[in-house]
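So the structure is just underneath, and the comments pick up after that.
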Amino acid sequence: MNKEIIDKTIAALRHNHFEAFFAHNTAEASAIFFRDIFPGLQVETVSWGDSETMKATGVLNELQKNPELSVIDSFAPGMSRKQKIYWRRQALLTDLFLTGSNALTQKGQLVNLDMIGNRVGGITFGPKHVVLFIGINKITANLEEAMHRVRTIAAPRNAIRHEGFRTPCHKTGVCMDCNSPDRICNVWTITEKSYPAGRIKVILIGEELGL
């Protein structure tokens, strides 16, 4: 990825009232989180939305080891669907919410597509603080390219990695704009700016990560 594009994207994020950081790799992203972000948040409760990039940093594993934190796990194996929905609602009331983004435009806009909306809900409203971990492969020129990326890359791959989803894209690897009961493409959000300023923090990572 061109350094000029990375610098432009970070500058745009900051212009849009996001706190933005650049990490060369996942290890540096973790270091930035624990050194520059976490100490100033006064966090007691933590949860997260599904994100392969966030998991790759190891941040979640470290937080789960902290005895002073209450970590809400809404993805624990063995949970019923009803239990998962309950805990994902509780996750919207936490001090800190961690996740990623399906796309990020060079104008500093976050573009996401969810199945039930718990991840985008956490980004847009509820948790006091949000930290997003985003690989440089998610950067797009504009909103049109961002939405195209989500439909053609992120959404089909996300459906494929979840066993048991009966969607056309699970078999074909291509978005069919389906009407399946298991459709994961239900809730679009475009986050133009962080409100309040600084509530959403973005660590842009100089690697191709996640979906």
Side-chain angles (χ1 to χ4, degrees), residues 26-27 29-30 33-34 37-38 41-102 110 112-135 138 150-151 153-173 175-176 178-189 200-201 203 205 209-211:
T26 54
S30 177
F33 175 81
F34 284 109
I37 297 176
F38 187 71
L41 299 185
Q42 298 182 333
V43 169
E44 294 182 1
T45 55
V46 180
S47 195
W48 69 94
D50 197 17
S51 167
E52 294 294 292
T53 303
M54 181 271 293
K55 292 174 186 175
T57 67
V59 164
L60 181 58
N61 290 337
E62 290 302 312
L63 291 174
Q64 288 176 314
K65 296 175 185 176
N66 189 333
E68 297 181 1
L69 294 178
S70 174
V71 181
I72 294 177
D73 184 354
S74 63
F75 296 89
M79 277 188 181
S80 68
R81 186 66 173 169
K82 184 176 181 180
Q83 288 173 317
K84 289 179 180 179
I85 295 298
Y86 172 82
W87 287 113
R88 288 175 192 180
R89 286 189 174 126
Q90 302 312 303
L92 300 180
L93 303 175
T94 55
D95 297 323
L96 175 62
F97 190 79
L98 308 172
T99 191
S101 184
N102 295 135
L110 306 173
N112 286 285
L113 180 60
D114 260 18
M115 182 180 189
I116 64 173
N118 64 295
R119 181 176 62 100
V120 298
I123 294 173
T124 59
F125 181 77
K128 294 178 183 177
H129 307 282
V130 177
V131 179
L132 306 181
F133 300 84
I134 305 174
K138 306 294 183 66
V150 175
R151 281 205 178 279
I153 299 176
R157 291 183 184 177
N158 199 31
I160 289 168
R161 76 185 178 95
H162 287 92
E163 295 182 7
F165 278 20
R166 298 179 301 277
T167 60
C169 67
H170 195 278
K171 295 181 178 180
T172 66
C175 176
M176 308 296 289
C178 72
N179 197 35
S180 167
D182 292 333
R183 177 184 168 108
I184 67 169
C185 303
N186 298 316
V187 185
W188 282 101
T189 62
I200 302 175
K201 297 161 178 57
I203 302 178
I205 305 171
L209 297 162
L211 305 177

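Quantities reported herein were computed from a predicted structural model and do not represent experimental measurements. Nothing fancy with the numbering, it's 1 onward along the sequence.
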Under the side-chain hydrogen bond (donor to acceptor under 3.5 Å, both in side chains) test, residues paired with Thr45 that sit two or more places apart: Asp95

Looking at residues at least two apart in the chain, or sitting in another chain, which of them share a side-chain hydrogen bond (donor to acceptor under 3.5 Å, both in side chains) with Ser101? Asn112

Trp188 and Asp114, any side-chain heavy atoms less than 4.5 Å apart: no

Quick one: side-chain contact (heavy atoms from CB on, under 4.5 Å) partners of Leu93, sequence neighbours excluded? Gln90

State, to 0.1 Å, how close Leu132 and Ile200 come at their nearest heavy-atom pair, and which atoms those are. CD1-CG2, 4.0 Å

Contacts of type side-chain hydrogen bond (donor to acceptor under 3.5 Å, both in side chains), residue Glu62, not counting sequence neighbours: Lys65

Can you check whether Ile205 reaches Ile134 side chain to side chain, under 4.5 Å on heavy atoms? no

Less than 4.5 Å apart, side chain to side chain, heavy atoms only: is that true for Ile203 and Thr57? no

Contacts of Asn179 meeting side-chain contact (heavy atoms from CB on, under 4.5 Å) (sequence neighbours excluded), chain-then-number -> none

With sequence neighbours excluded, tell me which residues meet side-chain contact (heavy atoms from CB on, under 4.5 Å) with Leu41. Ile37, Val43, Leu96, His129, Lys201

With sequence neighbours left out, the residues meeting side-chain hydrogen bond (donor to acceptor under 3.5 Å, both in side chains) with Asp50 are Lys55, Arg161

Exactly one of Ile184, Ile85, Val187 clears side-chain contact (heavy atoms from CB on, under 4.5 Å) with Ile116, and that residue is Ile85

With no hydrogens and no angle check, do the side chains of Arg119 and Asn102 hold a donor and an acceptor under 3.5 Å apart? yes

side-chain contact (heavy atoms from CB on, under 4.5 Å) with Met176: which residues, sequence neighbours excluded? Pro168, Thr172

When you measure from the side chain of Asn118 to the backbone of Arg88, do you find a donor-acceptor pair of N or O atoms at a distance under 3.5 Å? no

Any chance CZ of Phe75 has more than 12 other-residue heavy atoms, nucleotides or ligands included, within less than 6.0 Å? yes

Can you pull out every salt bridge (Lys or Arg N to Asp or Glu O under 4.0 Å) where at least one residue sits in residues 70-81? Sequence neighbours excluded, please. none

All salt bridge (charged side-chain N to carboxylate O under 4.0 Å, His left out) counterparts of Arg183, not counting sequence neighbours: Asp177

